[in-house]
**Student:** 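Here you go, one structure.
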Amino acid sequence: MLQRLKGGEPLSAAIVGTGIVGCATALALALDGHQVTLFDPDAPGAGTSSGNAGGIVTGSVTPTATPEVLRALPSYLFDTSSPAVLRLRHSLKVLPWLFRFARAGLPNEMNRIAAALHPILSGSLSAHGALAAHAGAQAMITQEGWLKVFASEQAFAATALDRRLMDRFGVNYAILDHKAVTDLEPNLNPDLCAVGFYQPDCGFVRNPKGLAQAYFDAAARLGAIHLRQRVDGVARRNEGGVTVHAEGVTHRFDRLVVAAGAWSASLVKQLGDKVSLDTERGYHISFGPETAGLLRGPLVLPGMSMVLSPMHDGLRLVSGDELAGLAAPPNYSRIRALIPAARRAVPALRDVSPRSEWMGFRPSTPDSLPVIGPSPQGNDVIYAFGHGHLGLTLSAITAQMVADTVAARALSVDPAPYLISRF
């Protein structure tokens, strides 16, 4: 449970980034009595945090790099219809990241990564509950669970690795038969419901941007401020502390938290550290508010390479893992091609036209572990980025870890696997 700092000296802290991680961290630090300033030209939660499927997926212990994914890597370059794609222009730049990614898919590494993911995942929903209570946002976090649906027993067999890792760490899940799936989601096409793989302990946020805003608003009530400025540079001060340069003005702080998502790598370099970070670009299509009630909760359709999620602005089709860097223009052709599959999965969508489409940047490390903790050069700089597909899930527990680090409190989990020194 987060609580105000006792006995420590309040500090001035800068946070670069107003995604869900930055806003949660702002609240955690403000609750400890620190004076917090967030830097970001965008509104709280307006970036990548706004476009996900809303899941707080507490059992997602399987790393992104698995033997199955590694076998499929060639298709990512040459098959434009594959679940993931690597743009040719980005291929040379991403090679060092891909080398580390391939190494992370080795059996021993995969087991180590899963063991590191479990403690922060298992504490993620309770951390959100504590933070949301301070923000008055408890009602924004519900618990519909996380459901994957398979059209055949053969397709379900592909979850063997997930189930083995979940069993190892005691993750709660249930295997549902056809009737149980259709009872849970009556608007789902029954032809696709041979087997369900259900994690009931997962949370759900229908408006992730709204939750980020709620965390920031609570921090603002405690004195946090948001400067809507782009950060041009960061540096350590010889006498201690840090400087943040933004739009021609130099600001001085006792602590700096780098929570800039996919844009964090350049700040890390300026601070004299190293990281392997790339961006898995994700896409979504929204079908409009009248479709929000078609599903009870988020639904994963692995055979169709998509998630359908009932968000505040309507049913959301989420898909895509695109390695293309930060500068390439969006390519919506692959997610638009999934619209017929979404209509097949939920027949009530048949006559509904998409209302909007979106692309965002997931900040991804090759080993699927976030970067959380102090710089090796001193705890005046603390890192909080690289959450990949788990930014919403891990934002509150990351905030708790950052606040504990600043306050020199014992952390609830061993921080070693998440430190930037592993690079």
**Student:** Before you tell me yes or no, could you show the steps for H387 and V21 under side-chain contact (heavy atoms from CB on, under 4.5 Å), namely the whole-Å CA-CA distance, both residues' side-chain angles and the distance that decides it to 0.1 Å?
**Tutor:** CA-CA 9 Å; H387 296 80; V21 174; 3.9 Å; yes
**Student:** Minimum heavy-atom separation for S395 to A24, with atom names?
**Tutor:** O-CB, 3.8 Å
**Student:** Check the pair L121, L390 against side-chain contact (heavy atoms from CB on, under 4.5 Å), reporting the backbone distance first and the verdict last.
**Tutor:** CA-CA 9 Å; L121 286 168; L390 298 170; 4.0 Å; yes
**Student:** Kindly compute the distance separating CZ (F287) from CE (M311), expressed to the nearest 0.5 Å.
**Tutor:** 14.5 Å
**Student:** Which of these passes side-chain hydrogen bond (donor to acceptor under 3.5 Å, both in side chains) with D367: R103, R422, R100?
**Tutor:** R422
**Student:** Between the main-chain N or O of A13 and the side-chain N or O of H34, is there a donor-acceptor pair closer than 3.5 Å?
**Tutor:**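 No, the answer is negative, given that no donor and acceptor are paired below the 3.5 Å cut-off.
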**Student:** Distance from T393 atom OG1 to I120 atom CD1, nearest 0.5 Å?
**Tutor:**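 These two atoms lie 10.0 Å from each other.
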**Student:** Are D201 and Q143 close enough that some pair of their side-chain heavy atoms sits under 4.5 Å apart?
**Tutor:** yes
**Student:** When you look at Y173 and D162, which way does the side-chain contact (heavy atoms from CB on, under 4.5 Å) test go after all the steps?
**Tutor:** CA-CA 11 Å; Y173 67 84; D162 298 308; over 6 Å; no
**Student:** So V205 and H128, side-chain contact (heavy atoms from CB on, under 4.5 Å) or not? Walk me through it.
**Tutor:** CA-CA 11 Å; V205 180; H128 270 293; over 6 Å; no
**Student:** Have Y383 and D273 got a donor and an acceptor in their side chains that come within less than 3.5 Å?
**Tutor:**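 Indeed, the side chains of Y383 and D273 share at least one donor-acceptor pair under 3.5 Å.
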**Student:** Any side-chain heavy-atom pair from R168 and V61 closer than 4.5 angstrom?
**Tutor:**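 No, too far: nothing below the 4.5 Å cut-off.
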**Student:** Hey, does the side chain of E247 reach the backbone of R230 with a donor-acceptor pair shorter than 3.5 angstrom?
**Tutor:**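 Yes, because the side chain of E247 sits within donor-acceptor range (under 3.5 Å) of the backbone of R230.
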**Student:** Are any side-chain N or O atoms of E357 and backbone N or O atoms of R336, one a donor and one an acceptor, separated by less than 3.5 Å?
**Tutor:** no
**Student:** Nearest 0.5 Å, what's the CG-OG1 distance between N172 and T58?
**Tutor:**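 Taking CG in N172 and OG1 in T58, the distance rounds to 8.5 Å.
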**Student:** Quick check: do N111 and R164 have side-chain heavy atoms less than 4.5 Å from each other?
**Tutor:** yes
**Student:** Will you find, in the side chains of E68 and T66, an N or O donor that is under 3.5 Å from an N or O acceptor?
**Tutor:**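 No - no donor-acceptor pair under 3.5 Å links their side chains.
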**Student:** Thinking salt bridges, do D313 and R355 make one under a 4.0 Å N-O criterion?
**Tutor:**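 No.
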**Student:** Please report the shortest heavy-atom distance between G297 and E144, naming the atom on each side.
**Tutor:** CA-CB, 4.0 Å
**Student:** Can you find a heavy atom in the side chain of P415 that is under 4.5 Å from one in the side chain of I372?
**Tutor:** no
**Student:** Where do G261 and L277 come nearest, in terms of heavy atoms and distance?
**Tutor:** O-CD2, 3.7 Å
**Student:** Taking only residues at least two apart or on different chains, which pairs with a member in residues 343-353 satisfy side chain to side chain donor-acceptor pair (under 3.5 Å)?
**Tutor:**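 Counting only pairs at least two positions apart or across chains, no side chain to side chain donor-acceptor pair (under 3.5 Å) contact touches residues 343-353.
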**Student:** What are the two closest heavy atoms between G45 and C23, and how far apart are they?
**Tutor:**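 G45 and C23 have their closest heavy atoms at N-SG, 4.5 Å.
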**Student:** Under the 3.5 angstrom rule, does the side chain of Q400 hit a backbone N or O of A127 as a donor-acceptor pair?
**Tutor:**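 Flag not set: sc Q400 to bb A127 has no pair under 3.5 Å.
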**Student:** Between V149 and E185, is any pair of side-chain heavy atoms under 4.5 Å apart?
**Tutor:** no
**Student:** Taking P310's backbone N and O only, do any of them form a donor-acceptor pair with R206's side chain (distance below 3.5 Å, no angle check)?
**Tutor:** yes
**Student:** Donor-acceptor pair, N189 side chain versus D191 backbone, under 3.5 Å?
**Tutor:** yes
**Student:** Is there a side-chain contact between L256 and D380, using heavy atoms and a 4.5 Å cut-off?
**Tutor:** no
**Student:** Does the side chain of H226 pick up a donor-acceptor pair with the side chain of T18 at under 3.5 Å?
**Tutor:** no
**Student:** Measuring from H389:NE2 to S368:OG, what's the distance to the nearest 0.5 Å?
**Tutor:**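 Reported to 0.5 Å precision, the distance equals 8.0 Å.
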**Student:** Rounded at 0.5 Å granularity, tell me how far CG in N52 sits from CD1 in I20.
**Tutor:**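 CD1 of I20 is found 8.5 Å from CG of N52.
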**Student:** Report yes if the side chains of K209 and H312 come closer than 4.5 Å at any heavy-atom pair, otherwise no.
**Tutor:**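 Contact flag for K209/H312 side chains = no.
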**Student:** Can you list the residues that meet the ring pair (Phe, Tyr, Trp, His ring centres under 6.0 Å) rule with Y332, with sequence neighbours excluded?
**Tutor:** Y283
**Student:** Show the nearest heavy-atom pair for residues P119 and Y418, with the distance to one decimal.
**Tutor:**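 Nearest pair, atom of P119 first, then Y418: CG-OH, 3.7 Å.
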**Student:** For a quick test of reading the model, state the closest non-hydrogen atom pair linking V57 to Q199 and the distance between them.
**Tutor:** CG1-OE1, 4.3 Å
**Student:** State whether the side chain of N187 and the backbone N or O of L294 hold a donor-acceptor pair below 3.5 Å, judged by distance alone.
**Tutor:**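 Such a contact is found between N187 side chain and L294 backbone.
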**Student:** May I ask you to decide if A53's main-chain N or O and H284's side chain share a donor-acceptor pair within less than 3.5 Å?
**Tutor:** no
**Student:** Main chain of G325, side chain of R281: is a donor-acceptor contact present, judged purely on distance under 3.5 Å?
**Tutor:** yes
**Student:** Does the side chain of S309 come within less than 4.5 Å of F204's, by heavy atoms?
**Tutor:**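 Yes, their side chains come closer than 4.5 Å.
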**Student:** Evaluate the ring planes of F361 and W263, with Trp represented by its six-membered ring, and classify them as parallel (under 30°), tilted (30 to 60°) or perpendicular (over 60°).
**Tutor:**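 Plane angle over 60°, so perpendicular.
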**Student:** Return the CG to CG distance between L38 and L227, rounded to the nearest 0.5 Å.
**Tutor:** 8.5 Å
**Student:** Less than 4.0 angstrom from a charged side-chain N to a carboxylate O is my criterion; do R112 and E109 meet it?
**Tutor:**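 Between E109 and R112 there is a salt bridge, with a charged N closer than 4.0 Å to a carboxylate O.
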**Student:** Check this for me: D414, atom CG, are more than 12 non-hydrogen atoms of other residues, nucleotides or ligands nearer than 6.0 Å?
**Tutor:** yes
**Student:** If you measure from the Lys or Arg side-chain nitrogens to the Asp or Glu carboxylate oxygens, is any gap between D321 and R362 under 4.0 Å?
**Tutor:** yes
